Amino acid sequence: MEQSLEEIFRSNLRLFRQNAKLSQEKLSALLDKNINYINMIEGGKSIPPLSVIEQIAKILNVNPSEFLVEHTSSGYFDKIALINTASEQISQKAKEVLLELMKDL
């Protein structure tokens with residue numbers, strides 16, 4: 001059975017929030033909302049206005065449109081974490097190369 005947009009939104013909110021390692025309470029606090037706000041959304045009792053969806057997307061570092069595209073936990077990866085890891089590895093390698101070059105001077 002095909003999921004409704006509301007179900008897709010709720011699933012993605014949960015997935016992106018968990019990938020960001022944020023509890024429902026922490027995300028609610030970052031939004032300056034009641035501690036149960038995200039629980040109500042993820043539980044299907046509430047749908048946030050677009051302005052709040054934009055705020056949530058900014059906090060979770062995702063494009064707001066990603067909330068409406070079906071993702072699976074195995075098919076979605078955290079782009080920000082990937083970029084950060086790659087950046088750290090590149091930086092470390094660059095340091096090693098520079099240190100090696102400096103030995104010869």
Side-chain angles (χ1 to χ4, degrees):
M1 182 176 169
E2 193 170 305
Q3 287 187 315
S4 71
L5 281 178
E6 288 181 11
E7 292 168 325
I8 293 169
F9 173 80
R10 287 194 306 268
S11 294
N12 285 333
L13 174 57
R14 187 175 304 108
L15 174 65
F16 299 151
R17 177 183 58 74
Q18 290 171 343
N19 284 346
K21 298 186 181 1
L22 290 177
S23 67
Q24 291 178 343
E25 294 82 10
K26 180 66 175 173
L27 182 54
S28 293
L30 290 170
L31 292 167
D32 198 26
K33 301 288 184 187
N34 180 288
I35 194 165
N36 295 317
Y37 187 70
I38 297 301
N39 181 274
M40 291 173 54
I41 295 169
E42 288 183 4
K45 295 178 176 94
S46 178
I47 293 291
L50 290 176
S51 60
V52 174
I53 293 173
E54 287 178 322
Q55 288 177 304
I56 293 170
K58 185 178 254 186
I59 291 168
L60 299 178
N61 291 315
V62 297
N63 188 308
S65 66
E66 289 296 312
F67 285 112
L68 301 179
V69 177
E70 286 189 76
H71 298 282
T72 61
S73 56
S74 62
Y76 178 79
F77 64 94
D78 185 350
K79 292 181 245 181
I80 300 299
L82 178 66
I83 290 168
N84 289 338
T85 301
S87 178
E88 289 171 15
Q89 290 173 347
I90 291 168
S91 179
Q92 181 61 36
K93 190 64 174 175
K95 286 178 188 176
E96 291 171 10
V97 169
L98 285 173
L99 286 172
E100 190 63 34
L101 289 172
M102 297 293 279
K103 283 184 195 176
D104 296 335
L105 294 180

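Small disclaimer: the values here were computed from a predicted structure and weren't measured.
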Peer 1: For the CD1 atom of I41 and the CG atom of N36, what is their distance to the nearest 0.5 Å?
Peer 2: 11.0 Å
Peer 1: Once side-chain hydrogen bond (donor to acceptor under 3.5 Å, both in side chains) is applied, do any residues pair with N39, and if so which ones, sequence neighbours excluded?
Peer 2: Q24
Peer 1: Please report the interatomic distance OG(S87) to CD(Q92), rounded to the nearest 0.5 Å.
Peer 2: 11.5 Å
Peer 1: Measure the spacing between CD of E6 and OG of S11 and express it to the nearest 0.5 Å.
Peer 2: 12.0 Å
Peer 1: Would you say the side chain of K93 lies within less than 4.5 Å of the side chain of Q89, judging by non-hydrogen atoms?
Peer 2: no
Peer 1: Under a 4.5 Å side-chain heavy-atom rule over Ile, Leu, Val, Met, Phe, Trp and Tyr, are I90 and L98 clustered together?
Peer 2: no
Peer 1: Closest approach of I53 and F67, non-hydrogen atoms and distance?
Peer 2: CG2-CD1, 4.0 Å
Peer 1: Does the side chain to side chain contact (heavy atoms under 4.5 Å, CB included) test come out yes or no for N19 and V62, once each step is laid out?
Peer 2: CA-CA 11 Å; N19 284 346; V62 297; over 6 Å; no
Peer 1: Check whether M40 and L15 end up in the same hydrophobic cluster, where Ile, Leu, Val, Met, Phe, Trp and Tyr are linked by side-chain heavy atoms less than 4.5 Å apart.
Peer 2: no
Peer 1: Are the side chains of K33 and V52 in contact, using a 4.5 Å heavy-atom criterion?
Peer 2: yes
Peer 1: Looking at CG of L60 and CG of L22, how far apart are the two atoms once the value is rounded to the nearest 0.5 Å?
Peer 2: 6.5 Å
Peer 1: Answer yes or no: are there more than 12 heavy-atom neighbours, outside L50 itself, under 6.0 Å from its atom CG?
Peer 2: no
Peer 1: Nearest 0.5 Å, what's the CG-CG distance between L68 and N12?
Peer 2: 8.0 Å
Peer 1: Distance check, rounded to the nearest 0.5 Å: N63 atom CG versus F16 atom CZ?
Peer 2: 9.5 Å
Peer 1: Taking all non-hydrogen atoms of both residues into account, name the closest pair between R17 and E42 and its distance.
Peer 2: NE-OE2, 2.7 Å
